[in-house]
Structures are given as C-alpha cells and as structure tokens.
Chemist: 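Have a look at this one.
All residue numbers refer to positions in the sequence shown, counting from 1.
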Amino acid sequence: MKFMKLGTKADTFYTEQATRTLISEIAADLVIQINDITYLLHKFPLLPKCGLLQRLCYDSSDSESVSLELHDIPGGEEAFELCAKFCYGIAINISAHNFVSALCAAKFLRMNDSIEKGNFVGKLESFFNSCILEGWKDSIVTLQTTATLPEWSENLGIVRKCIDSIIEKILTPPPQVKWSYTYTRPGYTKKQHHSVPKDWWTEDVSDLDIDLFRCIIMAIRSTYVLPPQLIGEALHVYACRWLPGITKLKSSGSSVSQTEESKEKNRKILETIVSMIPADRGSVSVGFLFRLLSISIHFGVSSVTKTELIRRASLQFEEATVSDLLYPSTSSSDQNYYDTELVLAVLETFLKLWKRMSPGAVDSSYFLRSIRNVGKLIDSYLQVVARDDNMQVSKFVSLAETVPSIAREDHDDLYQAINIYLKMHPELSKADKKRLCGILDCQRLSPEVRGHAVKNELLPLRTVVQLLYFEQDKGSKATSSHKLPKAHEILLGAKDRAATTRDTQSKHSLGPTKEALNGEEIRERDHQQKTKRSDGKLALELEKKMVIRGDIEETQSEKARVVRDESSSSGKVKMVDPKKMIRRARSKSEHGVKK
C-alpha cells in the first residue's frame, strides 16, 4: 500500500497527564480542548494554515492567550494532531488507513489552498486521486474507513469515488489485472497459477461493511458484465467471512452465547445477502442455500427471507448431496440431532413446483429424472438420520411418506434405511415397528434385497410373511401360466378333499385284499394321495394370504381347529405353530436362493 510523507522535523509532542504539548522555548498561547485532551500550542504556526482558527482568534491580540473547544472535529484528537503536526512541519505519514480522518479534519479546520498555497487539503486530495484511487487495496481500505465518518465521507465524495474505482477494477478482464490482491482459496498458490482467477476480487471486497458491500454488488449486477455465478461466489465469500456457523455447524449450541446486538447484525447481513442472490438458477449452490437456511432460524430472520430461501433451495434440490442436508437442529423443542423439518419443508416445496411444471412439460424424461434423483437423495438422507438415537418414528415415516411413489424406482434404499433404524433402536415397540415397515412395498424390492429381508429377524412377523408370499407368488407365476383360484375356493376345495381323504383312509383301514381291488380303485387311491399333497401346499398359500390381510390370529385358530378335527379320528391332537411354519418357509427360501 502507498503512503505520503509530509514534513521533516522530529516529533516533539509529548503527554503530561491529560495534556498534549511539544517541546518549545516559546510559551504556549493557544489552548485547544478536544474531548478529554488539552493541547497547549502556538498561534504562529497554526493560524496561517487554519481558516477556522483565524476566525475564532480574530478578536484576540497577538500576545493574548486563547482557549478554544473543538469537540466536534471529525476524527477526534488523533485527526487534529495530524493537522497540527503538519502546521509545525513535523514529519507525518498519510496512508489509506488515516486519510479519511485527516481530510475530514483538514476540511473542518479549513486548511485549503485559499488560506495558504500548498496547504494540507490540497496535498491530501492529490494523494487521494493519484495514489489511493489508482490502487486496489488502497481503495478498499479507504472505503472501509469511511464507516467511522459516514456523513463527512459521503459529502466529500470519498465513498462515491472509492466505489467507482473498485467497480472499474472488478470489471477489468483478469489478464489485465496487474495489482496485488488477496486470494487464499485452499490449494491455490500464485506460483503454480500464472493466470488471474475470475473471482480474484471477492475476498478483498468481503472486508467491507454490509451496506458498502451491497452498493458494490448491486452496481456490478446493473452492468450485466459479470456472470451470475461470479456474483453468487462473492456472496458466498462474504457470508463465510461474517456469518458464524456458515461454513458448517458443529452443534446446535455453537452460537448460543451471541448477544442480541450481534444477532441483529447477523440477521441484517443474512437478509441482505439473500436479497442480492441473482435470480438465475445455479448462481449459488444448493448447499450454500441450505447453510443460509439452517442459521436463519437462529438469527430470527423474517418469514419472507425464509420462504425465499426454501423456494430457491427447492429449485435446485435435485443437485443436492446428503452432506448438504446434514445440519443440526437449532430448535430448543426438537430433541433430534438433525434438522429434518428443514429438509421436509424444502421437499414439500419441491414437490409443489414439480407437480405444477411436469404435466405440460415438453421433456418429460427430465422431470422423471429430477424427481428420481430427489427420491434417492431422501432415502440416502434417511439412512444417515436413522442412526440418530433420538429420531422419532413419526418424523422418519413422515419424511419417507412425503416422497411420491414415482420418485422411487425400487424400495431397496428405503429398506436399508429402515433396517438401520431397527438396528439403532432395538427397544422399538411392535406398533412402531409395524408403522415403520408399513411404508415398505415388498413387491418393489430386488431379489437380492428380498432374500436378505426374509432372513432379517429385526422385521416384524407380518412383513416377513408378506415377503415370503410375494417371493413364492413370483416364483409360481414364473412356472405356471394358469389363473390361481380365489382364497375362498381354495378353502372349500381343501375341506372337501380332506373329507374325502378321511373316508378313503377309513375304508383302507378295514384291510381290503389285493384281489378285491380292481384297476379303477387303484387309480382312485393314487389320485387321492396326490390330492392330499396338493392340499398341504394350498393350505400354506391360504395361510400367507390371510396373514397379509391382517387375520393371522383367526387363521391360526382355524388351522388348530381343523387339525384337531382331523386328528380326532386317530385319537391324537397335533398343534400348529405359525412361527415354525415361518422358519420352515425361510429355510426353503434360503435353499431356493442358493440354488
């Protein structure tokens, strides 16, 4: 950064208690009070250069001591001392850091060329135009210091000139950038990259106050020279610079200690950034939108800002990754670690927009691919949040059910999420297990996943029976093309054949001779034996279908009664255990898979 050196004399100012004076053989005849500091100075070096002091001391004689109060001088005692040292010829350095206060104080004291040629104001303005405005960082620092004297800086044109200079340099093509800039992106080194990056200016501009930053960004946008993605990158850099937790929240209590004043400041920054996001899709990443949305609740932003963030995030929801959605809940009433309500709000808005746009779409394949991506994203997200010990079944199911059927090509990922949830919540009640597994469509599982699910002891009995039925039903359809009989027809036919079988068995128990059996009776007996074996298979089919209808208790009691009736003729009582039947069916299924 550039600086201007004025004066050659040594600095002889010193402080004694609350008084500032300088070493001199001449007694002080000008006493100036500024705030809590008293300056003991001399008229002869100051009055020729300061028009204000000339007017204030006009009525006093040369030998008379004068006392003045200059509490309203811009820049305070530090700026006044620069002007006083200039009058004494003491060496001072002017740079972008103290230029604003020095110029404002010199203007206040009327140190113009009209009072004396080569005065302080003229030298400061020359340095401003030839050095500060020509430099990049000098303009940034100078504009940054105007925040201490906003009205003076605005009236003197310092703010406008600095902004114009900064915008001119930002719009300069990168190959023509010759000045130094700050660029600390991870993995970037200037030695390895000879070309200037397109976003070279974003870090330096992020040092400015939000109001000044907004002026520059809006002025750049109005030129339509830079792409929206570059504007979005500048907003992202500024948010990372000023908003706590924007890089990635680690815990919900990371910002609890913030004061109300800092919350108000952060709320203003966040709302201003959101208002400046270009309307173009992809100008900012969906991950950045989710980060803004995650901290907006804590800062208490307006409902308009929050709604806009949700809308913008939903427009790019299909581009998100699971890590973009993983933010801790900031709500004190929510015991969950992850903020699933935030994801649910964006998902619902996405579905509204999708339903509104997809019916009249020319390229329907794009909308199908879009919603399939979102469906896969949500299932992957569920697999992560399922590991949360405090994740409630109701919230898990609500998020899973919000995804429409068309968004899932299969239910394999959903099954994995449910399986993880059951493993992480072993104390889950039967009712919750039933509700959790109720969102799973067994028919939409791949053969590999269905084979794993059949052997999964964490699943409720009802779900396993459904899986076994669909697996056997699929196998029977593959080997047979005839239509299967209805359930009540199977029941009536099985009972009739069972009665016929019992009569035949009682006749055979009389011990007929081989000679008494003719050929027709032998064929009848063979037919009855085949019918008996088929009755067993039909009974198993009936068991599975009735369990799926939710009548497992009635089925078990009916089977027990039938068995008792059948065994009463032989004097033995045989009970049927449904769990053993499931295990036998599982073993058969495993045997079939191995084959």
Side-chain angles (χ1 to χ4, degrees), residues 1-6 74-75 78-79 82 92-107 120-185 190 196-223 225-226 230-231 233-242 269 272-273 276:
M1 295 181 65
K2 299 177 181 179
F3 68 93
M4 177 178 64
K5 184 177 180 180
L6 299 174
E78 292 182 1
L82 282 174
I92 58 174
N93 290 323
I94 302 298
S95 67
H97 294 281
N98 60 3
F99 164 78
V100 172
S101 59
L103 180 61
C104 294
K107 284 284 188 177
F120 199 25
V121 170
K123 293 184 179 297
L124 289 173
E125 289 179 343
S126 176
F127 174 70
F128 178 60
N129 294 324
S130 62
C131 295
I132 291 181
L133 294 181
E134 291 297 319
W136 165 250
K137 290 190 176 182
D138 300 84
S139 301
I140 295 288
V141 173
T142 302
L143 183 60
Q144 193 174 5
T145 58
T146 59
T148 58
L149 298 168
E151 293 184 5
W152 274 90
S153 301
E154 191 70 37
N155 294 334
L156 293 176
I158 300 175
V159 174
R160 180 183 57 79
K161 291 180 179 179
C162 286
I163 290 178
D164 291 344
S165 174
I166 292 170
I167 293 174
E168 181 184 358
K169 292 177 175 61
I170 290 175
L171 298 179
T172 301
Q176 299 178 18
V177 173
K178 304 300 180 182
W179 46 84
S180 62
Y181 53 87
T182 304
Y183 198 80
T184 59
R185 300 295 195 280
K190 292 185 178 180
V196 178
K198 294 181 179 180
D199 58 341
W200 61 268
W201 52 274
T202 54
E203 289 189 37
D204 289 324
V205 172
S206 67
D207 291 334
L208 297 172
D209 177 79
I210 185 62
D211 293 327
L212 295 173
F213 177 76
R214 184 180 184 278
C215 290
I216 291 176
I217 295 298
M218 297 307 293
I220 294 173
R221 286 184 58 181
S222 64
T223 62
V225 174
L226 300 183
L230 200 51
I231 302 296
E233 177 62 18
L235 298 178
H236 176 260
V237 172
Y238 193 90
C240 293
R241 168 73 170 79
W242 292 100
I269 292 175
T272 304
I273 288 176
M276 290 190 292

Chemist: Can you tell me how far apart CG (Leu230) and OG1 (Thr202) are? Round to the nearest 0.5 Å.
Modeler: 7.5 Å
Chemist: Which pair of heavy atoms, one from Leu143 and one from Leu212, lies closest together, and at what distance?
Modeler: O-CD1, 3.4 Å
Chemist: Check for a donor-acceptor pair, side chain of Tyr181 on one end and backbone N or O of Glu203 on the other, with a separation under 3.5 Å.
Modeler: no
Chemist: Could you state the interatomic distance from NZ (Lys5) to CD1 (Ile94), rounded to the nearest 0.5 Å?
Modeler: 12.5 Å
Chemist: Could you check whether Glu125 pairs with Lys161 (Lys NZ or Arg NE/NH1/NH2 to Asp/Glu carboxylate O, under 4.0 Å)?
Modeler: no
Chemist: Tell me the salt bridge (charged side-chain N to carboxylate O under 4.0 Å, His left out) pairs involving residues 134-149, sequence neighbours left out?
Modeler: none
Chemist: For residues 168-175, please give each side-chain donor-acceptor pair under 3.5 Å, one per line with the distance, not counting sequence neighbours.
Modeler:
from   : atom 1 : to     : atom 2 : distance (Å)
Lys169 : NZ     : Leu133 : O      : 2.9
Lys169 : NZ     : Ser165 : OG     : 2.9
Thr172 : OG1    : Glu168 : O      : 2.9
Thr172 : OG1    : Lys169 : O      : 3.3

Chemist: Report yes if the side chains of Phe128 and Leu103 come closer than 4.5 Å at any heavy-atom pair, otherwise no.
Modeler: no
Chemist: For Asp207, give me all partners under side chain to side chain donor-acceptor pair (under 3.5 Å), at least two apart in sequence or on another chain.
Modeler: Arg241
Chemist: For Ser101 and Glu78, does a side-chain donor sit closer than 3.5 Å to a side-chain acceptor?
Modeler: no
Chemist: Quick check for you: to the nearest 0.5 Å, what is the distance between Met4 atom CE and Ile92 atom CD1?
Modeler: 7.0 Å
Chemist: Does Arg221 use its side chain to pair, donor to acceptor, with the backbone of Met276 at less than 3.5 Å?
Modeler: yes
Chemist: Spell out, as yes or no, whether a donor-acceptor pair under 3.5 Å connects the side chain of Tyr183 to the backbone of Asp199.
Modeler: no
Chemist: If you look at every heavy atom in Trp242 and Ser206, which pair is closest and at what distance?
Modeler: NE1-O, 2.7 Å
Chemist: What's the spacing between Thr272 OG1 and Asp211 CG if we round to 0.5 Å?
Modeler: 7.0 Å
Chemist: Using every non-hydrogen atom in the two residues, find where Trp136 and Ser180 come nearest and quote the distance to one decimal.
Modeler: CD1-O, 3.3 Å
Chemist: Nearest heavy-atom pair of Thr142 and Cys162: which atoms, and what distance?
Modeler: CG2-SG, 3.8 Å
Chemist: Could you measure the distance from the CD1 atom of Ile167 to the CH2 atom of Trp201? Nearest 0.5 Å is fine.
Modeler: 10.0 Å
Chemist: Distance-only, no hydrogens or angles: does the Ser153 side chain make a donor-acceptor pair with backbone N or O of Pro150 under 3.5 Å?
Modeler: no
